[in-house]
Amino acid sequence: MNQFWNIVIERFPEVVTLTGEHFILTGLSTMIATLVAIPLGIVAYRTQWLRHLVVAMVNLFQTIPSLAMLAILLVLLGKIGVAPALLALVLYALLPIVRNTIAGLNEISADINEAGRGIGMTEGQLLWRVQLPLAFPFIMAGVRTAAVVGVGIATLSAFIGAGGLGQFINRGLATYNTNLILLGAIPAALLALIVDGCLNLAQWAAKPTPFTERHKLRHRLKPAFAILPLILFICGMLLALIGQAGDDASEASSSETVTVGCKNFTEQLILGELMAQLIETHTDLRVEPRFNLGGTMICHNALVLGGIDIYSEYTGTALTAILKEPATTEPEVAYDHVARVYKMRYDLIWLKPFGFNNTYTVTVRRADAKKHKWNTISDLVPDAQQLRAGFTSEFMEREDGYPGLKQVYGLDFGKISDLEASLMYEALAQGQVDVICGFATDGRIAAYNLLPLEDDKAFFPPYYAAPVVRQETLQRHPKIRSALARIAGRLDDATMQQLNYKVDQGHMDPRSVARDFLSGFE
């Protein structure tokens with residue numbers, strides 16, 4: 001517990017900034033959704049044939065999984081960051097508000113509507129003076145539901161670089177750090193309670209006060225309670241601006257910015273920090289980090305579309321997952337090919353590799369390997385039907401992953417579970433699965449006494465990591481090349497494994513691990 005409070009104190013300024021960003025994402029999306037959903041609900045209420053269409057449409061948005069929605073909007077909008085996240089949150093918020101608007105209007109008796117028309121009200125007057133005030137409690141309940149759900153969904157927005165408290169959760173999952181997960185989850189939960197409480201008070205303030213109670217203090221406070229959600233949103237903006245102002249003040253000497261991205265696992269976080277620190281140390285540029293992006297294709301698309309300027313990629317991943325070309329076992333051939341095609345097809349430049357080969361490994365418990373005499377991947381084939389495998393989502397779909405492995409080796413495991421990269425090793429060590437798709441440079445292989453089996457059919461291509469940079473960025477800032485060249489070839493497999501171990505098992509911050517490593521040879 002003391003360790004958690006130490007992290008809270010150490011990272012309090014960042015907690016403030018990310019809480020502000022979370023406020024803005026949730027508040028802005030809820031306001032936009034309310035402005036769209038209430039008119040939609042009114043139209044659906046008044047036009048019977050349109051009602052089913054409107055409800056079906058907003059229901060459809062709700063059925064799409066959150067991460068899938070973010071990925072779809074990322075492709076459609078062609079950018080990472082706030083725009084796709086905000087649009088996704090708006091789409092998810094529509095259903096409860098539309099439904100409650102329709103339900104509230106339906107609850108008004110026909111006699112009340114007829115009475116309004118009978119005294120000469122127009123349809124517009126009837127709507128504003130009678131129907132909406134009577135339906136207000138229903139509508140407000142929908143807004144409260146949308147806002148609270150939005151707080152939760154907004155944590156996933158960090159996967160596409162939109163900021164918010166989900167950044168802590170992503171980092172914690174990537175580095176298997178429970179304290180970081182709590183650092184994001186606890187403020188998000190408190191934020192949901194605060195948002196719901198403020199909207200509840202605003203709903204109460206909107207109710208008419210009986211004449212006999214208008215002299216009481218709580219009646220006089222109603223105007224303040226009515227604007228409480230707006231005050232909360234402004235506070236969120238101020239929190240985000242304070243954090244941004246602090247960043248700007250500390251980096252005021254930097255005239256221009258480059259954006260460094262990375263995927264959502266430990267090694268990528270370390271490489272992202274290494275590149276960011278080298279650039280800031282050896283150029284006059286300021287680095288904006290966009291770490292913990294949701295995977296290979298999100299990073300690649302963000303680089304192509306200009307959402308980020310640099311991230312580190314692996315030759316085997318580029319060859320098979322992005323270029324969709326056959327694998328090769330020759331490291332130089334793979335590097336030369338992806339470098340040439342990336343430049344020609346995407347205007348992206350591969351810089352010199354870091355030096356290590358983080359290939360996939362089919363990994364088992366060392367004790368099991370000794371018992372069953374497993375030394376190679378082929379040795380698993382007779383026992384595969386009785387084994388439980390745990391693979392990452394990417395490995396399950398990529399041709400250089402399980403589909404190709406199954407074809408080349410004839411492996412057909414009895415049960416396969418999709419697992420986060422950060423959870424695989426723990427699951428294997430605890431006996432929850434029997435086989436995982438490990439990474440050669442992961443420090444947890446040694447820590448948990450695991451054994452990578454020999455790839456006796458040379459299925460996996462080489463996965464040498466290197467910085468990939470937009471050509472436009474290099475032309476504007478040529479010093480980036482020389483800055484990153486300082487680390488070229490300096491990270492062998494053993495060194496990278498040690499750095500990963502410090503983060504995964506030593507629970508050190510990737511930023512500190514990168515800084516300590518650079519200080520050792522610069």
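Positions are given from 1, in the same order as the sequence printed here.
When the shell of 6.0 Å around CD of E397 is examined, it contains 12 or fewer heavy atoms from other residues, nucleotides or ligands. More than 12 heavy-atom neighbours from other residues, nucleotides or ligands sit within 6.0 angstrom of CZ on R476.
We find the CG-OH distance between L491 and Y464 to be 13.0 Å, quoted to the nearest 0.5 Å. Remark: Q268 CD to N358 CG distance equals 9.0 Å, nearest 0.5 Å. How far CG of N170 is from CG of L156: 8.0 Å, rounded to the nearest 0.5 Å. To the nearest 0.5 Å, atoms CD1 (I7) and CG (L183) are separated by 7.0 Å. Here the CD-CD distance, from E330 to E332, works out to 7.0 Å after rounding to the nearest 0.5 Å. Distance CE/M275 to CD1/I480: 10.5 Å, rounded to 0.5 Å.
Side-chain N/O atoms of Y425 and Q505 include no donor and acceptor closer than 3.5 Å. Checking T495 against R490 by side-chain atom types alone, no donor-acceptor pair falls below 3.5 Å.
Annotation: ring pair (Phe, Tyr, Trp, His ring centres under 6.0 Å) contacts of F12 (sequence neighbours excluded): none. Remark: K406 engages Y402, D412 in a side-chain contact (heavy atoms from CB on, under 4.5 Å) (not counting sequence neighbours). A search for side chain to side chain donor-acceptor pair (under 3.5 Å) contacts involving R515 returns S512, not counting sequence neighbours. Every side chain to side chain donor-acceptor pair (under 3.5 Å) that T376 has, sequence neighbours left out, goes to D379. Listed by chain and residue number, nothing satisfies the side chain to side chain donor-acceptor pair (under 3.5 Å) test with S29 (two or more places apart in sequence, or in another chain). Listed by chain and residue number, R171 satisfy the side chain to side chain donor-acceptor pair (under 3.5 Å) test with Q167 (two or more places apart in sequence, or in another chain). By the side-chain contact (heavy atoms from CB on, under 4.5 Å) test, D368 is found to be paired with R365, H372, W374, residues two or more places apart in sequence or in another chain being considered.
At distances below 3.5 Å, at least one donor-acceptor pair connects side-chain atoms of R366 with backbone N or O atoms of L450. A donor-acceptor pair under 3.5 Å is formed between the side chain of E394 and the backbone N or O of T296. Looking at T281, its side chain never comes within 3.5 Å of a backbone N or O of L278 through a donor-acceptor pair. Of the possible donor and acceptor atoms, one in the side chain of Y92 sits under 3.5 Å from a partner among the backbone N and O of S66. With hydrogens and angles ignored, the 3.5 Å screen pairs no side-chain donor or acceptor of D347 with any backbone N or O of Q471. With hydrogens and angles disregarded, no donor-acceptor distance shorter than 3.5 Å links the side chain of D196 to the backbone of A192. Without hydrogens or angle criteria, K373 side chain to K370 main chain gives no donor-acceptor distance under 3.5 Å. Between the E280 side chain and the V287 main chain, a donor and an acceptor come within less than 3.5 Å of each other. For the pair R388 (side chain) and G431 (backbone), a donor-acceptor distance under 3.5 Å is present. Of the possible donor and acceptor atoms, none in the side chain of T320 sits under 3.5 Å from a partner among the backbone N and O of E399.
Sorted by first and then second residue, the pairs that involve residues 427-462 and meet ring pair (Phe, Tyr, Trp, His ring centres under 6.0 Å), not counting sequence neighbours, are F265-F439, Y360-F439, Y360-F460. Under the salt bridge (charged side-chain N to carboxylate O under 4.0 Å, His left out) criterion, no residue pair touches residues 414-433, with sequence neighbours excluded. Every pair passing salt bridge (charged side-chain N to carboxylate O under 4.0 Å, His left out) that includes a residue from residues 441-457 is listed here, sequence neighbours excluded: D442-R444, R444-D504. Listed by first and then second residue, the salt bridge (charged side-chain N to carboxylate O under 4.0 Å, His left out) pairs involving residues 150-163 amount to none (not counting sequence neighbours). For residues 172-192, no residue pair satisfies the salt bridge (charged side-chain N to carboxylate O under 4.0 Å, His left out) rule, not counting sequence neighbours.
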Q) Going through the checks in order, is the side-chain contact (heavy atoms from CB on, under 4.5 Å) test met by I310 and I279? A) CA-CA 11 Å; I310 307 165; I279 291 170; 3.5 Å; yes

Q: Starting from the C-alpha separation in whole Å, work towards a yes-or-no answer on side-chain contact (heavy atoms from CB on, under 4.5 Å) for L180 and R11.
A: CA-CA 10 Å; L180 276 180; R11 302 201 176 199; 3.5 Å; yes

(Q) For E273 and V513: C-alpha separation, side-chain torsions, deciding distance, then whether side-chain contact (heavy atoms from CB on, under 4.5 Å) applies. (A) CA-CA 9 Å; E273 287 291 352; V513 170; over 6 Å; no

(Q) Run E313 and C299 through side-chain contact (heavy atoms from CB on, under 4.5 Å) and show every step you take. (A) CA-CA 9 Å; E313 189 52 276; C299 284; 5.7 Å; no

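Checked for salt-bridge contact, R286 and E288 miss the test: no charged N lies under 4.0 Å from a carboxylate O.
Within the 4.5 Å cutoff, the side chain of P452 has heavy atoms near those of the T363 side chain. The shortest distance between side-chain heavy atoms of N357 and P331 does not fall below 4.5 Å. Counting only heavy atoms from C-beta outward, the side chains of M508 and D516 approach each other to under 4.5 Å. With a 4.5 Å cut-off on side-chain heavy atoms, M424 and C437 count as touching. Side-chain contact between T283 and V258: absent, with no pair of heavy atoms (C-beta onward) separated by less than 4.5 Å. Annotation: side chain of L271 is in contact with side chain of L274 (closest heavy-atom distance under 4.5 Å). A heavy-atom distance below 4.5 Å is found between the side chains of F395 and L405. Looking at heavy atoms from C-beta onward, I270 lies in side-chain contact with T266 at the 4.5 angstrom threshold.
Ring geometry for F356 versus F354: interplanar angle under 30°, hence parallel rather than tilted (30 to 60°).
The two residues T328 and A334 come nearest to each other via the heavy atoms CG2-CB, 3.6 Å. Between C262 and Y311 the shortest heavy-atom distance is N-CB, 4.4 Å. When every heavy atom of P467 is checked against every heavy atom of L484, the shortest pair comes out as CB-CD1, 3.9 Å. The two residues F291 and G261 come nearest to each other via the heavy atoms CD2-C, 4.2 Å. For the residue pair R398 and P403, the shortest heavy atom distance occurs at O-CD, 3.2 Å. Summarising the geometry of G81 relative to A162, their closest heavy-atom pair is O-CB, 3.5 Å, with the distance given to 0.1 Å.
I377 pairs with exactly one of V362, V435, V364, V408 by the side-chain contact (heavy atoms from CB on, under 4.5 Å) rule, that one being V362.
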